[in-house]
Structure formats: structure tokens, C-alpha cells
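Keep in mind that this is a model prediction, so the values were computed, not measured.
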Amino acid sequence: MGFMGDRSTLLETGRFVRAEAESGTETDGAAQTVDVRTAMTTRPAWDTAAAASVRAVPATQAAQSAQAAQDDAVFDDEAFTLADAASDAELEARHRVAADKGDPGAMSVLGALLLRRGDLAGAEPYLRGATGEGDRAAANNLGVLLHQRGYPEEAAGWWRVAAVAGSAPAAHALGRHYRERGDEPAAEYWMRQAAESGHALGAYGLADLLEHRGDKGVERWFRAAAEQGHREAAYRLARHLRKGDPAEAEQWYRQAAARGHRRAALHLGTLLEARGELKEAGRWYLTSAKQGEPRAACALGFLLRDAGDEENAATWWLRAAQDGDGNAANALGALHAARGETQTAEKWYRAAMDAGDQNGAYNLALLCAAQERTAQAEQWYRRAAYAGHREAANALAIMLLQVGDAAGAEPWFSKAAEAGSVDAAFNLGILFASRDEDRTALKWYERAASAGHTDAALQVGIALVRDGEERAAERHLRCAAGGGSAEAAFRLASLLESLAPPPEPVALGEPVGGAAKTEGEEWYERAAELGHRRAQVRIGMLAAARGELAVAARWYREAAEAGSRNGAFNLGLLLAREGNEPEAALWWTRAAVAGHGRAALRLGLLAARQGDLAEGQKWCVRAMELGPAEVSERAARLREALAEELSV
């Protein structure tokens, strides 16, 4: 029995979004410092408390920060409502005169205008003046200004003043300040104050904190923020709902995607593709890809490839690969390998490895193995296997076995099997069976069979039949036969036939062969149709017993032409019965040469009847050698008789 799993197919990282890559957030998963100017220009209101952020974004997330800024804007609508047609210049002129005269409201609005413009020095005296008069929006914005200048503790002091006075944006900013410093109880207190005041970013920040700690209430607060239009909250709420309520999750993905959330668009496309709605899935992948999401570009490439548009698929894979997507690099490698462009394929497989995708190393090993570059193939299999690639570990073990290193192969089979490789579990069964360690072999066969491995289920069924556990064996043989194993179908048919009660005797006057086919015969037919020679012979015998000689002859002939000596012998019997002894002799000769004793005896009898005594003696000797005992005895008696005839 051969070892399994060293396939020549290329391995993709995963068509759909991988779970391990989904746990982060697009905007607030690792905090960023939001540009207050971006925040303040988003809406016509003036409180920008959330410009301060809890954590700093790694460089690899820089591309996400621009999208984050919109979701991180915080405003206090308690400040002045602006005239719809008024420009910043008109507002500034209108309020400067009043502000210079000491009007607190005008100072607050003017300070916010200058802060939005980036004029921190000009804004500070007005914000301090308004704050001194008890304006809480000004206190909040003064905190933003000080945070921008690098005085976080003083900023927190003013945020506290505003928050105590009832400013929800300030409470949110203060909560973020405490979270940045690791004081989660204080952060939760102020975030909760903001959230319970109906502040969207407060609700989002609280949900993010609770999720980080594994506490309850996450879904409630993500929902509160999402219902106010917070797209990152909508996305993360969908992530929470995707298993329990996929229909609602889809709605939130749609809301976030419609607001420009590229990862929501990616996940929405994934959901639609899994459901078979490929056209709409493609639209969302395209939307996400154009917004800079490489995984969406990769998924779009797969959609296009499946639709037969290989050229455009390659274009999107190239775009994704250049943005660091290992799966897309693998896809490009496979594309060029299929075209015979092995050097280009190797380049992209290496790019996949550089992107952290160990499928690149595995595919590169397959490429080297196909070119008989064994040493390089082993090197890449090892690299992928050491990185935890289970199929690479299985392939490496097979390679070691092929050079006789069974001791070196076993730990790699074990590592692959423990990591979930069904083929490796089956291969361990083969390895232990070759050492006559049947109990250990059966354990691994059972493990592979439980995961749906057809050949493993067959081996378990055979072992159980051998141990007399027919019913348990039947269950495994059914699994293997249902998986397309011809041998399993034949053995299942044989088992069912042995367990079936003897047929009722045919009553007088009833036609022979009128009974319906048994389940066992149906499994014999399935095995026969799959090319199983013994099943073909058995079907022929059953057909002959029913008097269906044409059907029997067809199956005997198929088996005989495939090399079955029993099929050749039985076909000869049918032909001889029909009076076609010359053709019968041809098939008996083929069977006898292949080791069929009864066919040799038939040839001896035929030669004796035709008067060719020497030929008859030759076939009798052959029949005596082949057996079985009954045939040997008859052949010996016939040989003696022929010898006497020759001596007369």
C-alpha cells in the first residue's frame, strides 16, 4: 500500500478570510493619535476631545490610520450651533470681536476654530479664557490642545473638569487617557460615563475595553455605537454576531462597508461568495480592493480565475502580492508553474515566504520535487514543516521513507498527524502495520477514518472483520465504499452476503432468477463498475445463476481482459457450454498460464478428447502443480490414463 499526501497540487493559504487574521480592528484595535484637524473638519461642531488616543499604531498599520481618523472624531454638540451658510472666515470675524470683549461663548467657538486650523498658540488663550468662565466645551478642547502640545497630564486635568461638568466627549477622552496608561478601572469608569450619555465613541471605547478583558456587555456597547453610525463598531458587532446570527451580522457588515470600511466589505464579499452570490461578492471585493485591502484583491483574483478570466485574475493577484499578501503570491506562483514558467513561479513562491506564508515553501518544494531537485525539495519541505506546515511534514516523512529512513520519517508523520493531517495519520497506520504493530496501526487508521479518510476506513473495516466484529466493520466499510473505494464496496458486499439468511428454495413452477437484487449484489455492481475484477467475476456468477448468460459473459470478459484468471476461466466455461471450444481454449490457456489449476485441467481434458495425448499430459502436469488438492488428484489420474494410452 502506498503512502498518502505527497500531492502535486499547490496549496493556497485560504480562499476566504482566515480567522487568525480577523481578530484585529481596522480603526481602534491598536490606538492611533488622530489628527485633530481631520477630526474637527468632519462635522459642524466643535468639541474634539477624542483627538487623544489610547495606544500608538504600529508602522504596519499606517495605511489604516487615515480611515481611522473619521471614526475617531469626537464632538460636543453643546457648543455653538453654526449658521449653515457661514464660512470659517465669517465665523471667525463674527466671534473675534465678542471674544476680545470677554464673551465666553465667543471665546470657546473662536478657540475651536483656531484649533481646527492648527493655530495652537492663537487658540490657547481663548480656550483658557472660556474655560475660566466655566465653558465645558472649551475645557475639553483645551485638553485636546494640550495633548497636541505634549502635555498629557495637564490635558487630562482639563478633560476631568469638563467630564465632571457633564461633557461626554471629555469623559471619553479621559477614559482613553487612562487606558493608555494601563489604568483600566479608571478607563472603564470614564468610558462608561461617556457611553451611558449616548456618546458613540464612548460606547465603542467601552466595548473595546470590555472585549480586551473578556468581560460581558461587549455586544451591547458595540451595538450602541453602531446604531449611531460608528462604522468600526458596526464591523466588530458583525464579527461578534457572525456565528450566532449570520443574518444580522450581514446587515452590520453592509452598514460598515457602505460607510467605507474596507475590511467589512471584504468579509461581506466572503459571506456572499460562500453563499454562491458571486456577482455581488465580486462587487464588494472590488470595493475593498480599491480601498487598499490586499486580501480582497486576492479574493477577487480567485473569483476572476474561476470565471475563466485568468488575465485579470493575475492583475489583481499582482496588486495584492505587491502589497504583501502571501496567498496572492502563491496564486501567481501556481499560475506561472502551470504555464511552465518555473523561474517566475519560484520567484513568487519566495515572495509568499517573505510575506510569512509557509505555503510558499511547501509549493516551492513541490516545484523542486517535480523537477527531481530532491535536495532542494527536502530543504523547502523542512522549512515549511518546521514552521508548522502539516502537509509539508507529511511530504518530508514520505521523502525520508523513500530513501529508507523510517526512523527519521516517523516523528514527522507524528507531527503532521497531531497537527491535523489526515493523510499523515493514515501513513502512520501503514508504517506501524509494516512493523506488525497492528494495535497501534489500527489506532491511527481509526483516527484518519474518523476524519473521513476512505482508505483508512477500509483498513479499519478489514481489521474488524478479522476480529469478528462484523457490524462495526460494516459501518466503516460503508463509509469507505461511499467514498468511492472499489475494494471497500467489494468487501462490504461480501460481508452483507455472508450475514444474509440463506435464500428461500424456489417453489415448483416458479421461474429461476425472479428474485430482486440484494443490497450485497448492488455493492458488487458498484465495485465492478469501478473496475474491481473480483467483483466483476462475482457479478458474473450471480448473473449466470439467474440464467442471464449474456450479462455474465460481459462481466467475465471485462474481468478477464483486466487480468483476472477466474474471469478467464469462467468465460471459457460459458463459451464451451455454447459450443465455442476454440475460444474457450484461448481463455483457459490465459487462465492456466496465470496460475489457474482448474483451467489447466480443462485444457488437459480438452486435449485428451481431441486425441492430443502429449498436450493433455503437459496440461495435467501443470494442473497438478497449481492445485488445489482436488484438482491435483484428478489431474494425476488423467495423466496416468493418458500415459497408459501412449504406452500401448
Side-chain angles (χ1 to χ4, degrees), residues 5-22 24 60 63 266 270 285 289 292-306 310-400 412 415-416 419-424:
D6 189 10
R7 305 185 183 93
S8 60
T9 54
L10 301 175
L11 198 65
E12 296 169 356
T13 304
R15 178 68 170 273
F16 299 114
V17 180
R18 291 169 289 164
E20 63 269 20
E22 297 171 353
T60 55
L266 167 65
T270 300
Y285 283 149
E293 177 55 61
R295 288 179 298 165
C298 181
L300 181 58
F302 282 116
L303 272 189
L304 291 167
R305 181 202 64 181
D306 293 347
E310 198 173 86
E311 183 178 350
N312 279 318
T315 299
W316 285 104
W317 282 334
L318 178 61
R319 179 169 174 172
Q322 289 173 338
D323 286 340
D325 188 272
N327 193 25
N330 264 319
L332 282 172
L335 184 65
H336 289 288
R339 295 172 177 172
E341 301 165 357
T342 55
Q343 289 186 338
T344 307
E346 185 170 336
K347 180 191 81 169
W348 285 112
Y349 288 148
R350 290 179 182 275
M353 287 189 291
D354 292 341
D357 188 341
Q358 291 307 318
N359 285 319
Y362 176 67
N363 289 338
L364 186 54
L366 290 175
L367 187 67
C368 292
Q371 298 171 337
E372 297 184 355
R373 295 156 55 194
T374 307
Q376 292 95 323
E378 181 178 345
Q379 170 194 346
W380 295 118
Y381 279 140
R382 283 188 182 277
R383 171 166 173 169
Y386 276 119
H389 196 292
R390 63 192 188 191
E391 298 308 331
N394 182 57
L396 175 60
I398 292 172
M399 181 172 281
L400 293 171
W412 285 112
K415 182 175 182 179
S421 171
V422 180
D423 286 339

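- For the side chain to side chain donor-acceptor pair (under 3.5 Å) test, no residue two or more places apart in sequence or in another chain qualifies with Gln358.
- Among all heavy-atom pairs drawn from Gly326 and Ala352, the shortest one is O-CB, 3.5 Å.
- Heavy atoms only, all atoms of each residue included: Ala393 and Ala416 are closest at CB-CB, 3.7 Å.
- Atoms NE2 and CG, from His389 and Asn363 in turn, are 7.0 Å apart once rounded to the nearest 0.5 Å.
- Between Arg382 atom CZ and Leu396 atom CG the span is 5.0 Å, to the nearest 0.5 Å.
- Side-chain contact between Glu346 and Gln376 is absent, with no heavy atoms from C-beta onward closer than 4.5 Å.
- Nearest heavy atom pair, residue Gly333 against residue Ala345, reads O-CB, 3.2 Å.
- Side-chain N/O atoms of Asn359 and Asn330 include no donor and acceptor closer than 3.5 Å.
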Check: Yes or no on side chain to side chain contact (heavy atoms under 4.5 Å, CB included) for Trp380 and Leu367, after CA distance, side-chain angles and deciding distance?
Finding: CA-CA 10 Å; Trp380 295 118; Leu367 187 67; over 6 Å; no
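- With rounding to the nearest 0.5 Å, the separation of CG in Asn394 from CH2 in Trp412 is 12.0 Å.
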Could you list the donor-acceptor pairs under 3.5 angstrom formed between side-chain atoms of residues 311-320 and any protein atom two or more places apart in sequence or on another chain?
from: Asn312; atom 1: ND2; to: Asp309; atom 2: OD1; distance (Å): 3.4
from: Asn312; atom 1: ND2; to: Asp309; atom 2: OD2; distance (Å): 2.7
from: Thr315; atom 1: OG1; to: Glu311; atom 2: O; distance (Å): 3.2
from: Trp317; atom 1: NE1; to: Cys298; atom 2: O; distance (Å): 3.2
from: Arg319; atom 1: NH2; to: Ala289; atom 2: O; distance (Å): 3.3

Margin query: Please determine whether side chain to side chain contact (heavy atoms under 4.5 Å, CB included) holds for the pair Asp423 and Arg390, giving the CA-CA distance in whole Å, both sets of side-chain angles, and the decisive distance to 0.1 Å.
Written below: CA-CA 10 Å; Asp423 286 339; Arg390 63 192 188 191; over 6 Å; no
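- Considering CH2 of Trp348 and CD of Glu341, their distance stands at 12.5 Å, rounded to 0.5 Å.
- Annotation: side chain of Lys347 is not in contact with side chain of His336 (no heavy-atom distance under 4.5 Å).
- Ala355 and Gly324 make their closest contact through CB-O, 3.4 Å (heavy atoms, listed as atom of the first residue, atom of the second, distance).
- Taking the side chain as every heavy atom from C-beta outward, Tyr381 and Tyr362 approach each other to under 4.5 Å.
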